[in-house]
Amino acid sequence: MESMMAKYPFSEIEPKWQKYWDEHKTFRAVEDPAFPKEKRRYVLDMFPYPSGAGLHVGHPLGYIATDIYCRYLRMNGYNVLHPMGFDAFGLPAENYAIQTGTHPAVTTFANVERFKKQIAILGLSYDWDREVSTCTADYYKWTQWIFIQLFKKGLAYESDAPINWCPSCQTGLANEEVKDGECDRCQTKVTRKRIRQWVLKITAYADRLLSDLDKVDWPEPVKAMQRNWIGRSEGASVFFGIDGSSEKLEVYTTRPDTLFGATYMVIAPEHPLVATLTTGAQKAAVEAYVDAAARKSDLERTDLAKDKSGCFTGAYGINPVNGKKVPIWISDYVLISYGTGAIMAVPAHDERDWDFARKFNLPIIQVVAKEGSEAARIGTCGDPDECFAEEGIAINSGNWNGTPTAAFKQAISDWLEKNGHGRKAVNYKLRDWLFSRQRYWGEPIPLVHCPKCGIVPVPEDQLPLTLPEVQSYAPSGNGESPLALIDSWVNTECPVCGGKAKRETNTMPQWAGSCWYYLRYIDPKNSVAFADRAKIDYWMPVDLYVGGTEHAVLHLLYARFWHKVLFDIGVVNTDEPFQRLVNQGMMLGEDNQKMSKSRGNVVNPDDIIAEHGADALRVYEMFMGPLEVSKPWSTTGIVGSSRFLERLWAMSEKPLTEAAPEGELLRLMHRTIRKVSDDTGSLNFNTAISAMMVLSGEANKAETVSKQLWTVLLRLVAPYAPHLAEELWQKLGHSQSLSAEAWPSYDPGLCESDELTIVVQINGKLRADFVSGKDTAKEELEKLALALPKVQEYLQGHEVVKTIVVPNKLVNFVIR
RNA sequence: GCCGGCAUGGCGGAAUGGCAGACGCGAUGGACUCAAAAUCCAUUGUUCGCAAGGAUGUGUGGGUUCAAGUCCCACUGCCGGCACCA
């Protein structure tokens, strides 16, 4: 590999220019009112968790992309805010602390430093004066402040409903953190646990979180994932009477049109009416069933659900549409957390109910028939032999027979409402956000439990409520954080009455800090507000946000929620934080597998930079293909980018001429400016680089280099290979940084050649071509094409039925 | 099962409905060299042909069109998300 050592001294010029940018604060962003709003851009990277593992070449992909974009914008006269920071609370540092006794802050800051060094050598143009770390007290002071605002608005509440519990992480998890019944972080099977916890009422914002997706320029798949996660459905709430009782049982259904087909009801084992409904004869069986369900893990209740279980309560509901008595069963296929935790079962038109009814021999009545079928015509039919879950025409539904599903839904909802049996209803799959963690390394939740005054927030002027030092970082495992063991911290005074009170000992999840970090960058040192409103108005919203898809329904949903709350209390200027979102693709290993230590396919950027330089790494990562798609790393492939940069270095040693480029080279230069401008602006970096390679290749053919072309080329290259470009710019005699130079402009008239190759097709097949002047008239093109001997040959003995002429492009003869 | 996304040479990829494979990697041949590296030049989808020149070709099968990688319909495969949400 020594032999492939580059000839240009990147190992000298890269540190040189990094130092220059740093010392001159070249990329500092200032809220200069001289820039009108449309000349300001906020370009944001998803900030990293500073893990101990270090980076692989996939990590900087998005950072390089935004860096190129920002450098391009600055050269085009934009004021650009481009900050970086660290998502610094989190379990790895805490787990390390448990093993070694090292304070998580020590590990975290050491990792932050290492991380900064690793990204510094990439030459990224961040304004480091705005760096934030979510674990510092002057940062989490404001995380706590925002939490208090949520609390005051009634959006934070205490609950002791069963939650997802990770036995390995020893903490509760939000729904969004559970994948396939496993902890998203450690892949341990999640269990259910009943502990006191804090929950944020994200469901109160479900509708806006859904509808405002239409306002943002995000990839459709991410929007779709959020829509699915929110899971809005429209239907009806229906009240069933209970035989021999004054109680009512409320169910939610999306198919109120199938009410006549309800042959039984099911309530979840956790339903509050279980005890009331169960008759003496069924008591023992029901209690045993409830008990068994409680002991099942979520995975057993959902994943292994092919075989349904259940138990009759002995009670009967009364169907409001026909007064029929239907048995009420209890089964864990009904979820307590969705709708009302109770359903009407229509086995003929719901797969799950069908399975259940077949297993327990419950009646099945078909009430919807396929449109145009015999049953739809006569309004009735016998026992169905399969479940029919689609829409159709009502049958066996009394006076409603013949009504199409959609109309029936509307009509029956009105009827229910008029008669006091129900109403239209909307439901969401989205659940409230389990927000408390029983761990140490997170923001303390700033609340005090007072026996007299209840739950009281810590007064805002007493924030931050700092994390105390602890003897042991280990979670207690019984649902208390390590903070609970520090009596001196837990015991406090009630801020309202001054009496004895206890602090909340739960901490916030890692997501809390990342919910608003983009706002803190705007004014990171502010001690009287999380950010100055005028500065927020100056920069927000984030114009471009680049990061991985893994946060589609986690961080991106949580941050939108918090931002909307901040908008509602009037402290931010927009109701959505991130106007445009781009997901960078994954960098796979050379084996086309996900890069991971265990697979042994990790490529370290430090090694690549040592061998080829940061500019080569930057250019190569962008050249590999579109930003958004996943692609495998290629260690041999990078030499192509290296050679391109070497060629530029070699060109800089050729004599410069004052003569402007001529002919095709001039046109190519203008075309290249156009192409690189368009493609850089639209983040199509791979094709921009390709265009620069072509221009440099052509220009390099001569013994001398036109100075005009050279200054154009260096400016085009500058965002991509900034160190090399700065160095060569300086070599030209400039004393100012190239990053402040104006982006080159092009003459559209000089982008097109005078002479074009026109292709000739016979019946759509390419048969010949000829050269003609630009914008030659159609008739002339046809004449020229006809005159070609090859065309004559093909037309021999055939009749031309039709001729298509596309100016500047082609002539197509359709013959018979 | 449901909802997305993707499919082009040996490889990464390019292509407003108009010359498929730009650009790069790799490979082959050549120049330079005592030799190598680096560099430069040429060739490089497949196939028939000595050649000129044909044929064929963008996951599969249909369709629209003078013309389809691109638009429409139906499949297949891979990747991602959700999954008893009534």
Separation of [X] atom [atom1] from [N] atom [atom2], in whole Å?
X: A:E628; N: B:G80; atom1: CD; atom2: P; result: 19 Å
X: A:M693; N: B:A14; atom1: CE; atom2: P; result: 14 Å
X: A:E799; N: B:C66; atom1: CD; atom2: P; result: 16 Å
X: A:Y794; N: B:G53; atom1: OH; atom2: P; result: 10 Å

Base, sugar-phosphate alone, or nothing: which one does [X] contact when heavy atoms must sit under 4.0 Å apart?
X: A:K631; value: sugar-phosphate
X: A:S630; value: sugar-phosphate
X: A:S641; value: nothing
X: A:K790; value: sugar-phosphate
X: A:F685; value: nothing

Could you tell me which residues satisfy side chain to side chain contact (heavy atoms under 4.5 Å, CB included) with [X], sequence neighbours excluded, listed by chain and number?
X: A:D769; result: A:T757, A:V759
X: A:K701; result: A:E698
X: A:Q584; result: A:L61, A:V546, A:L627
X: A:L210; result: A:R227, A:I230, A:R232

N or O in side chain of [X] less than 4.0 angstrom from [N] OP1/OP2:
X: A:R643; N: B:C40; value: no
X: A:N686; N: B:A14; value: yes
X: A:R647; N: B:C23; value: no

Salt bridge (Lys or Arg N to Asp or Glu O under 4.0 Å) contacts touching residues 794-816 of chain A (sequence neighbours left out) =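 Sorted pair list: A:E799-A:R816.
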
Residue pairs fulfilling salt bridge (Lys or Arg N to Asp or Glu O under 4.0 Å) with at least one residue in residues 258-273 of chain A, sequence neighbours excluded =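 Sorted result for residues 258-273 of chain A: A:R192-A:E270, A:E270-A:R301.
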
Nucleic acid contacts of residues 259-273 of chain A, taken as heavy-atom distances under 4.0 Å to RNA chain B |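 Nucleic-acid contacts, sorted: none.
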
Members of residues 337-349 of chain A that approach RNA chain B, where some heavy atom sits under 4.0 Å away =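 Heavy-atom cutoff 4.0 Å gives A:Y338, A:I343.
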
Any residue meeting side-chain hydrogen bond (donor to acceptor under 3.5 Å, both in side chains) with A:W329, in chain and number order, not counting sequence neighbours |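 By the side-chain hydrogen bond (donor to acceptor under 3.5 Å, both in side chains) rule, A:W329 matches no residue at all.
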
Please confirm whether any donor atom in the side chain of A:K308 sits under 3.5 Å from an acceptor in the base of B:C84, or the reverse.
->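 Present.
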
Sequence neighbours excluded and cut-off under 3.5 Å, please list the side-chain donor-acceptor pairs for residues 332-339 of chain A, or say none.
unit_1 : atom_1 : unit_2 : atom_2 : d
A:D332 : OD1    : A:Y289 : OH     : 3.4
A:D332 : OD2    : A:K296 : NZ     : 2.9
A:Y333 : OH     : A:Y264 : OH     : 3.4
A:Y333 : OH     : A:D353 : OD1    : 2.7
A:S337 : OG     : A:R431 : NH1    : 2.8
A:Y338 : OH     : A:S233 : OG     : 3.2

Shortest side-chain distance from A:T636, nucleotide among B:C25, B:C66, B:A83 |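 My answer, after comparing the listed nucleotides, is B:C25.
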
Under 3.5 Å donor-acceptor pairs involving side-chain atoms of residues 684-694 of chain A, not counting sequence neighbours:
unit_1 : atom_1 : unit_2 : atom_2 : d
A:N684 : OD1    : A:S682 : OG     : 2.9
A:T687 : OG1    : A:D679 : OD2    : 2.7
A:T687 : OG1    : A:N684 : O      : 3.1

Strictly under 3.5 Å: I want the nitrogen or oxygen pairs between protein and nucleotides 17-19 of chain B, one per line.
unit_1 : atom_1 : unit_2 : atom_2 : d
B:G18  : N2     : A:Q761 : OE1    : 3.3

